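On a predicted model such as this, the values are computed, not experimentally measured, just so you know.
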Amino acid sequence: MKQISSLLPKTLIAFLLSGCVIGYAREVHDLCGTWDFSLGGTKERVTVPHTWNAKDAAKGPKSSSNALSVQSTVYRRGKATYTREIPVTIKAGKRYFVRGEGASIVSEVFVNDKSAGKHEGAFGAFCYEVTDLLKPGAKNTLKITVDNTYNDDIVPLSGDFSMFGGLYRPVALIETDALCISPVYFASPGVIIKQEKVSRSSAEITVETMLDGKAGTPADVSISVKDATGKVVKSLKTSTTVPANKEEPVKQKLSLAPVKLWQGRENPYLYTVEVSVTSGDGSSDTVVQPLGLRTAKITADKGFDLNGKMHTLHGVSRHQDLDGKGWALSKEDEENDIKLMVDMGVDGLRTAHYPQSEHIYDLCDKYGIVVWSEVSAIEKVRSRPKFIENMKLQAKEMVLQHGNHPSICMWGIFNEIFHQTSAEDKKVDMVAVLKDMNAYMHTLDKSRPTVAATNQPDNASLNSIPDHLAANLYPGWYGGTPESMGAKIDSYRKKNPKRGFGVSEYGHGADIGTHEYPLKPPSPSSAKHPEEWQAYGHEMNYREIKKRPQLFGTYVWCMFDFASANRKEGARAGINDKGLVTYDRKTCKDAYYFYKANWNTTDPMIYLTSKRYTNRPAGNVEVKAYTTAPNAELYINGKKVGKTEKADDIHVVHWKDVPLKAGTNKVEVRASQGGKKLTDSCVWTCS
């Protein structure tokens with residue numbers, strides 16, 4: 001819930017967490033920490049957030065497998081139980097709600113062994129009122145069961161990633177007065193902000209507040225819009241009564257002038273909207289939400305438009321797992337992920353292939369990263385009612401739980417549909433299912449366009465469904481040459497001329513311990529994924545991308561290596577190694593620095609490639625560096641080699657036919673930019 005927001009002053013956050021702020025009736029009690037855990041007869045004490053698949057879901061199969069990891073059985077899947085005592089004194093007249101940010105895949109909440117509610121879906125939050133299940137003055141036990149067994153009525157049905165089981169995101173107990181802003185409205189903040197009209201001088205917004213209390217209770221709903229300094233710039237108070245229909249919001253319209261716009265990385269200016277409800281019986285509640293005023297659209301001929309400024313988003317895709325932790329990341333882990341992106345110059349994020357944590361969206365708001373947030377309809381769908389109901393439920397949860405974030409500028413509705421060709425798949429009218437899904441997304445949110453990722457260039461009926469289209473393209477890895485990226489983009493755009501187009505995935509595998517010179521195309525299914533080929537592939541891919549500014553965005557696959565349990569390729573089984581950063585986040589691969597040289601315009605740099613290729617044959621080689629400087633010099637064992645070389649159009653500097661003698665060769669590159677001296681070096685031992 002955003003009532004405790006990273007946008008608030010730290011002192012206020014501390015008081016809110018302690019439940020000691022006068023005037024704030026809502027208290028949020030953190031239930032992370034130590035829980036009793038049992039799975040298949042094994043019992044232990046664990047720390048929530050937690051997954052039981054931190055190791056085995058990234059271990060890989062004993063033999064090669066073509067099955068995709070969402071359906072994998074090579075890691076432990078089943079039903080587990082998390083139990084703890086509720087460490088809160090239950091107060092008469094108060095209401096209590098258990099909220100979990102995410103549990104994979106099916107979860108059920110019990111208080112004192114009585115069910116409060118069941119949730120189906122690995123990536124959305126859930127929230128249930130438990131007031132009537134609690135015993136004042138007695139010990140109260142909270143139990144949450146979690147089952148990550150594959151379920152073909154729940155998206156995703158397929159996908160190239162592991163489905164970690166566990167209570168892997170934070171859990172809290174929310175305490176409110178009798179009248180409150182609803183915590184249970186699809187586990188959303190209970191406050192929905194819609195930007196009706198936004199310009200550089202003014203804005204109109206509608207705030208919808210979901211009240212939860214006895215129908216007919218008189219209530220005052222007050223709104224305060226605060227600027228980045230905390231100053232109130234607009235306020236409004238409305239007297240109303242609690243609706244009989246708990247899904248009927250109280251709507252309030254506000255006009256703001258003058259305004260500051262949320263301008264992505266350039267200026268991610270954030271307001272906050274504080275909504276308070278009070279009643280004559282003394283009940284009160286307050287929720288705080290982010291507000292970033294902006295217009296965002298995609299065009300066919302000019303790309304992505306943010307507040308009238310056109311741009312091709314420099315994007316990456318992110319999976320949410322980390323070596324040794326799986327999906328159970330801390331806020332510090334997530335902040336490190338975003339920092340690595342920001343340092344590289346990323347301004348676009350595709351949350352492949354599912355909604356991610358609230359904290360990730362908060363960070364994207366803060367740093368100005370434009371988000372493509374994606375529902376988990378991957379590779380195939382079903383036409384049976386229960387499946388469609390679940391797919392739409394997960395989409396609705398995504399929109400309502402995260403829709404106030406200004407960083408989210410588009411909703412993804414599917415990825416690589418028709419990739420599977422089983423007999424059951426062929427019975428499903430996937431186009432009809434997805435057309436209905438696209439229409440449904442627009443009923444949930446009329447302000448944002450839909451997008452989708454395809455790998456079917458000739459499937460016009462599929463590709464015409466979303467408002468705008470993107471393609472997963474892997475020239476130089478899965479067939480073709482890296483240089484053919486441009487032709488592939490042009491072919492797609494020719495077939496889809498009236499809508500915006502982007503590249504939703506492109507990339508190459510790389511192991512930082514595997515090296516090769518001279519280069520030759522590796523086999524993706526082999527154990528050998530040289531780091532040098534990944535770097536070269538991205539250079540050639542990006543050169544073609546850069547020539548096409550009409551693209552609304554391009555998204556490297558992937559920012560980080562991630563677990564894919566059934567893969568057996570590269571140096572480590574169970575890992576998709578197409579990341580620009582290793583699974584443990586300890587090493588940025590050469591290709592990371594290629595993008596940093598191209599995308600980060602504020603930090604002068606030079607980076608020598610192939611530094612990890614420390615033991616190599618003697619002889620003539622090409623030496624290569626990435627730099628933001630206009631040119632650079634090369635030194636071997638302190639002596640300048642050749643002439644000063646100019647950086648090319650993608651910030652690469654080449655020195656060809658550089659002789660390396662047997663023995664030790666200290667290799668150093670030097671440049672200067674803006675009065676700053678830049679250098680990088682390594683030692684190559686040749687034989």
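Aromatic pair Trp327/Phe161: centroids not less than 6.0 angstrom apart. Aromatic ring centres of His538 and Tyr595 lie closer together than 6.0 Å.
Side-chain contact of Lys237 with Ser222: a donor-acceptor pair under 3.5 Å is absent, judged by distance alone. Counting only N and O atoms by type, the side chains of Glu416 and Asn472 include a donor and acceptor under 3.5 Å apart. There is no side-chain donor-acceptor pair under 3.5 Å between Thr240 and Thr238.
None of Thr286, Thr176, Asp177, Asp285 except one satisfies the side chain to side chain donor-acceptor pair (under 3.5 Å) rule with Arg26; the exception is Asp285. Paired with Glu266 under the rule salt bridge (Lys or Arg N to Asp or Glu O under 4.0 Å), one option of Lys260, Arg294, Lys309 passes, and it is Lys309. Partner Arg169 forms a side chain to side chain donor-acceptor pair (under 3.5 Å) with one of Gln320, His359, Glu358 and no other, that one being Gln320. Applying the side chain to side chain donor-acceptor pair (under 3.5 Å) test between Asp220 and each of Ser239, Ser279, Ser276, Ser284 identifies Ser239 as the sole match.
Side-chain atoms of Val273 and Leu254, non-hydrogen and from C-beta on, never get closer than 4.5 Å to each other. A 4.5 Å side-chain heavy-atom check between Arg350 and Asn415 finds at least one atom pair inside the cut-off. Between Ile298 and Asp467 there is no side-chain heavy-atom pair separated by less than 4.5 Å. You'll find the side chain of His319 stays beyond 4.5 Å of the side chain of Phe560, heavy atoms only. Side-chain contact check for Ile369 versus Val342: some heavy-atom pair is nearer than 4.5 Å. Using a 4.5 Å heavy-atom cutoff, the side chains of Ile650 and Asn598 are in contact.
Taking all atoms of both residues into account, the shortest heavy-atom contact from Asn463 to Tyr492 is ND2-CE2, 4.3 Å. When all heavy atoms of Asp365 and Trp262 are compared, the closest pair comes out as O-NE1, 2.9 Å. Nearest heavy-atom pair across Leu469 and Phe552 is O-CE2, 3.5 Å. Ala591 approaches Ala535 most closely through the heavy-atom pair CB-CA, 4.2 Å. Closest heavy-atom contact between Pro189 and Gln289: CG-OE1, 3.3 Å. Shortest non-hydrogen contact noted between Met437 and Val375 is CE-CG1, 3.9 Å.
Proximity of a side-chain donor or acceptor of Glu334 to a complementary backbone N or O of Leu363 within less than 3.5 Å is not detected. Counting only distance, with no hydrogens or angles, the side chain of Thr628 and the backbone of Met605 share a donor-acceptor pair below 3.5 Å. Under a 3.5 Å cut-off, the side chain of Ser224 and the backbone N or O of Glu274 do not form any donor-acceptor pair. Remark: side-chain polar atoms of Asp347 are not paired, donor with acceptor, to backbone N or O of Leu313 under 3.5 angstrom.
Note: His311 and His314 have perpendicular aromatic rings, judged against thresholds of 30 and 60 degrees for the angle between ring planes. Using the six-membered ring where Trp is involved, Tyr555 and Trp372 have ring planes that are perpendicular, over 60° apart on the 30 and 60° scheme.
No salt bridge links Asp333 with Arg585; every basic N to acidic carboxylate O contact stays at or beyond 4.0 Å. A salt bridge links Arg318 with Asp337: the distance from a Lys NZ or Arg NE/NH1/NH2 to an Asp or Glu carboxylate oxygen falls below 4.0 Å. Taking the charged nitrogens against the carboxylate oxygens, Lys596 and Asp343 have no contact shorter than 4.0 Å, which rules out a salt bridge. Remark: Lys589 engages Asp561 in a salt bridge, criterion side-chain N to carboxylate O under 4.0 Å.
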Does Lys488 form a salt bridge (charged side-chain N to carboxylate O under 4.0 Å, His left out) with Glu544? I'd like the steps, not just the answer.
CA-CA 10 Å; Lys488 290 182 179 295; Glu544 294 302 310; over 6 Å; no

After noting the C-alpha distance and the side-chain angles of Glu505 and Lys578, does the key distance pass the side-chain contact (heavy atoms from CB on, under 4.5 Å) rule?
CA-CA 11 Å; Glu505 295 179 18; Lys578 294 186 184 71; over 6 Å; no

Quick one: do Gln356 and Thr351 satisfy side chain to side chain donor-acceptor pair (under 3.5 Å)? Show the steps, please.
CA-CA 7 Å; Gln356 300 193 357; Thr351 64; 5.1 Å; no

Walk me through it: do Glu247 and Tyr185 pass the test side chain to side chain donor-acceptor pair (under 3.5 Å)?
CA-CA 7 Å; Glu247 295 196 6; Tyr185 183 64; 4.7 Å; no

Could you walk me through whether Val207 and Leu236 pass the side-chain contact (heavy atoms from CB on, under 4.5 Å) test, one step at a time?
CA-CA 11 Å; Val207 179; Leu236 178 66; over 6 Å; no

Kindly indicate, with the supporting measurements, whether the criterion ring-ring contact (aromatic ring centres under 6.0 Å, His included) is fulfilled by Trp557 and Phe562.
CA-CA 11 Å; Trp557 190 266; Phe562 61 92; 5.6 Å; yes

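Partners of Tyr626 under the ring-ring contact (aromatic ring centres under 6.0 Å, His included) rule, at least two apart in sequence or in another chain, are Phe594.
Considering CG of Asn438 and CZ of Phe414, their distance stands at 8.5 Å, rounded to 0.5 Å. Rounding to the nearest 0.5 Å places OH of Tyr607 at 8.5 Å from SG of Cys588. The NZ atom of Lys676 sits 7.0 Å away from the CG atom of Asp603 when rounded to the nearest 0.5 Å. We find the CD-OG distance between Glu204 and Ser255 to be 4.5 Å, quoted to the nearest 0.5 Å.
In this structure, Lys546 places its NZ atom where more than 12 heavy-atom neighbours from other residues, nucleotides or ligands lie under 6.0 Å away. Within 6.0 Å of the NZ atom in Lys392, the count of heavy atoms belonging to other residues, nucleotides or ligands exceeds 12. Dense packing is recorded around OH of Tyr269, with more than 12 heavy atoms of other residues, nucleotides or ligands lying under 6.0 Å away.
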